[in-house]
> 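Below is the structure I would like to discuss, written out as structure tokens.
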2 protein chains.
Amino acid sequence: MIETFTALADPNRFRIVEYLLGGARSVGAIGEALHLNQPQVSKHLRVLKQARLVDVEARAQQRLYGLRPEPLRELNAWLERYRDIWDERLGQLDSLLEELKTQDLETAQRHARKKKG
Amino acid sequence: MIETFTALADPNRFRIVEYLLGGARSVGAIGEALHLNQPQVSKHLRVLKQARLVDVEARAQQRLYGLRPEPLRELNAWLERYRDIWDERLGQLDSLLEELKTQDLETAQRHARKKKG
DNA sequence: GACATATATTCCATGCGGGGAATATGTCCG
DNA sequence: CGGACATATTCCCCGCATGGAATATATGTC
């Protein structure tokens, strides 16, 4: 989790991740799109790779870097533990009814359980 | 977003945030619980406050620091844009078929609805 | 095998962030 | 008002991460 936050805390790495949201790209393409020198791109990608945020696929002499799901899933799971704090719908009967109306059973049940516990 | 990641990237600040999940606490309580010197606690709290992750409430001569929802909401919103990447349920026909095989109808139906939306 | 292209690594310099110690500010109580 | 308690700030030091420049490695082409 710390490693994920550290990797995303650098502005240029954050930009790279955002850029890769459009799909896997080569090192050169990243550097050109974000106006970064090639060595820095490689170095940032190494950090992102160690944080498992990206993986590489060799395509001839170039390497395609693409986003990986695991750290994002972990981030989501971590955030979930703070849902009581950030979810504005908490304690709102409206939302519970809305969830039931829209047949979002899993969320509704989870919230219902929380209200009980 | 960058400021949020930066604030959470430091191990001790991360520990403070985790600790505050149990409710608002005084500076002294935080330092005692996490074995941190008082000045460092204050300094970390300042960073967290600038990142809007905490706020202060004066209680006599002590200050109670508690978590704030905004940055967590923003984090959730940011993560949402990456859902295609991290949500394991997306595009997995296998799991849908598996759910049907094991007669987990409710889950299967919920997933089927999500794939539609 | 020589060469071009694409990427990775190293070396170096610099700046910023975090910890420790001391001190300042602020608040309550007698 | 003086003293105790709680917190904030400052100063100093140091390590580490980042960027730039140069160089190394790898792969494809002729």
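Naming: A, B, ... by sequence-line order, numbering from 1 per chain. Just so it is clear, the structure is predicted and the values come from calculations on it, not from any experiment.
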> Record whether the side chain of Gln38(A) comes under 3.5 Å of the base of dA6(C) through a donor-acceptor pair of N or O atoms.
no
> Measure the shortest side-chain to side-chain distance between Lys49(B) and Asp55(B) over non-hydrogen atoms and say whether it is less than 4.5 angstrom.
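A side-chain contact is absent here, since even the closest heavy-atom pair is not under 4.5 Å.
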> Just how far, in rounded Å, is C1' of dA6(D) from CD of Gln61(B)?
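It works out to 6 Å between those atoms.
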> Starting at CG of Leu34(A) and ending at C1' of dT18(D), how long is that distance when rounded to a whole Å?
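Taking CG of Leu34(A) and C1' of dT18(D), I get 16 Å after rounding.
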> Give none if dG28(D) has no partner; otherwise give the nucleotide forming a Watson-Crick or G-U wobble pair with it, both distances under 3.5 Å.
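Across any shown strand, dG28(D) pairs with dC3(C).
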> OP1 or OP2 of dG20(D) versus the side-chain N and O atoms of Gln40(A): is any pair under 4.0 Å?
yes
> Of the listed nucleotides (dA8(D), dG28(D), dG26(C)), which one gets closest to any side-chain atom of Ala60(A)?
dG28(D)
> Closest to the Ser42(A) side chain: dA8(D), dT18(D), dT9(C)?
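Closest nucleotide among those given: dT9(C).
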> Going through the checks in order, is the side chain to side chain contact (heavy atoms under 4.5 Å, CB included) test met by Ile30(A) and Val27(A)?
CA-CA 5 Å; Ile30(A) 296 170; Val27(A) 177; 5.6 Å; no
> Provide, to the nearest angstrom, the distance between the CG atom belonging to Leu36(B) and the P atom belonging to dA21(C).
14 Å
> Separation of Arg46(B) atom CZ from dT25(C) atom P, in whole Å?
15 Å
> Answer yes or no: does a side-chain N or O of Asn37(B) lie under 4.0 Å from OP1 or OP2 of dG18(C)?
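False: Asn37(B) side-chain N/O out of range (4.0 Å or more) of dG18(C) OP1/OP2.
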> To the nearest angstrom, how far is Glu32(A) atom CD from dT5(C) atom P?
15 Å
> From CD of Glu57(A) over to C1' of dT7(C), roughly how many Å is that when rounded to an integer?
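Glu57(A) atom CD is separated from dT7(C) atom C1' by 16 Å.
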> Do the ring planes of Phe5(B) and Trp78(B) sit parallel (below 30°), tilted (30 to 60°) or perpendicular (above 60°)?
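Because their plane-to-plane angle is over 60°, the rings of Phe5(B) and Trp78(B) count as perpendicular.
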> Can you find a side chain N or O atom of Tyr65(A) that sits less than 4.0 Å from OP1 or OP2 on dA6(C)?
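Looking at the OP1 and OP2 atoms of dA6(C), neither is under 4.0 Å from any side-chain N or O of Tyr65(A).
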> Salt bridge or not for Arg83(A) and Glu80(A), using N-O below 4.0 Å?
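The answer is yes: the pair qualifies as a salt bridge.
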> Counting side-chain heavy atoms from CB outward, which of dC28(C), dG20(D), dA8(C) is closest to Lys43(A)?
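Closest nucleotide among those given: dG20(D).
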> Report the distance from atom CG of Leu64(A) to atom C1' of dT27(D), rounded to the nearest whole Å.
14 Å
> By nearest nucleotide on DNA chain D, pick out whichever of Asn12(A) and Arg59(A) is the more 5' one.
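Result of the comparison: Asn12(A).
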> Find which nucleotide of DNA chain C each of Arg63(B) and Val41(A) is nearest to by heavy atoms, and output the residue with the more 5' nucleotide.
Val41(A)
> Thinking salt bridges, do Glu32(B) and Arg25(B) make one under a 4.0 Å N-O criterion?
no
> What integer distance in Å separates Ile16(B):CD1 from dT7(D):C1'?
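Distance check: Ile16(B) CD1 to dT7(D) C1' gives 14 Å.
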> dG18(C) phosphate, OP1 or OP2: any side-chain N/O from Arg13(B) under 4.0 angstrom?
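Arg13(B) to dG18(C) OP1/OP2: side-chain N or O found under 4.0 Å.
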> Does the side chain of His44(B) get closer than 4.0 angstrom to OP1 or OP2 of dG19(C) through an N or O atom?
yes
